[in-house]
Amino acid sequence: MKKISVFSIALISLLFLTSCEAIETIFKAGMWWGIILVIAVIVIILLLFSRGKNS
């Protein structure tokens, strides 16, 4: 089984998605990753502060 290359994925997305839909999909994925990373950073900071107060 051949590995799917980035070029073939790009080609398939160009054929099946209009440019607006492709950009919308990319930004939705980016938005969710951003939200997850911000929440993770806030949780880590809160954990560090809570451990610092217990010492």
Side-chain angles (χ1 to χ4, degrees):
M1 198 166 155
K2 295 181 181 179
K3 290 185 179 180
I4 298 176
S5 68
V6 175
F7 178 74
S8 63
I9 292 173
L11 183 63
I12 290 170
S13 66
L14 286 174
L15 292 174
F16 291 110
L17 296 174
T18 65
S19 60
C20 292
E21 289 173 345
I23 298 299
E24 179 185 5
T25 304
I26 291 169
F27 278 111
K28 279 184 182 178
M31 179 188 69
W32 283 111
W33 272 111
I35 291 171
I36 290 169
L37 289 175
V38 167
I39 290 172
V41 168
I42 291 172
V43 167
I44 290 171
I45 290 172
L46 290 175
L47 285 173
L48 290 174
F49 279 129
S50 68
R51 286 187 181 191
K53 290 181 180 180
N54 291 339
S55 297

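Note that these values count all heavy atoms, side chains included, but never hydrogens, waters or copies made by symmetry. Index from 1, following the sequence.
- In this structure, Trp33 is not a member of the same hydrophobic cluster as Val41, with clusters built from ILVMFWY side-chain heavy atoms closer than 4.5 Å.
- Side-chain contacts under 4.5 Å among hydrophobic residues (ILVMFWY), followed directly or transitively, place Ile42 together with Val38, Leu46.
- Among pairs with a residue in residues 30-45, none fulfils salt bridge (charged side-chain N to carboxylate O under 4.0 Å, His left out), at least two apart in sequence or across chains.
- Residues Ile39 and Leu47 share a single hydrophobic cluster, defined by chaining ILVMFWY side chains whose heavy atoms lie under 4.5 Å apart.
- Put simply, Phe27 and Ile36 are part of two different groups of oily side chains (I, L, V, M, F, W, Y) that touch within less than 4.5 Å, one to the next.
- In the hydrophobic clustering (ILVMFWY side chains linked at under 4.5 Å, chained through shared members), Ile44 is joined by Leu48.
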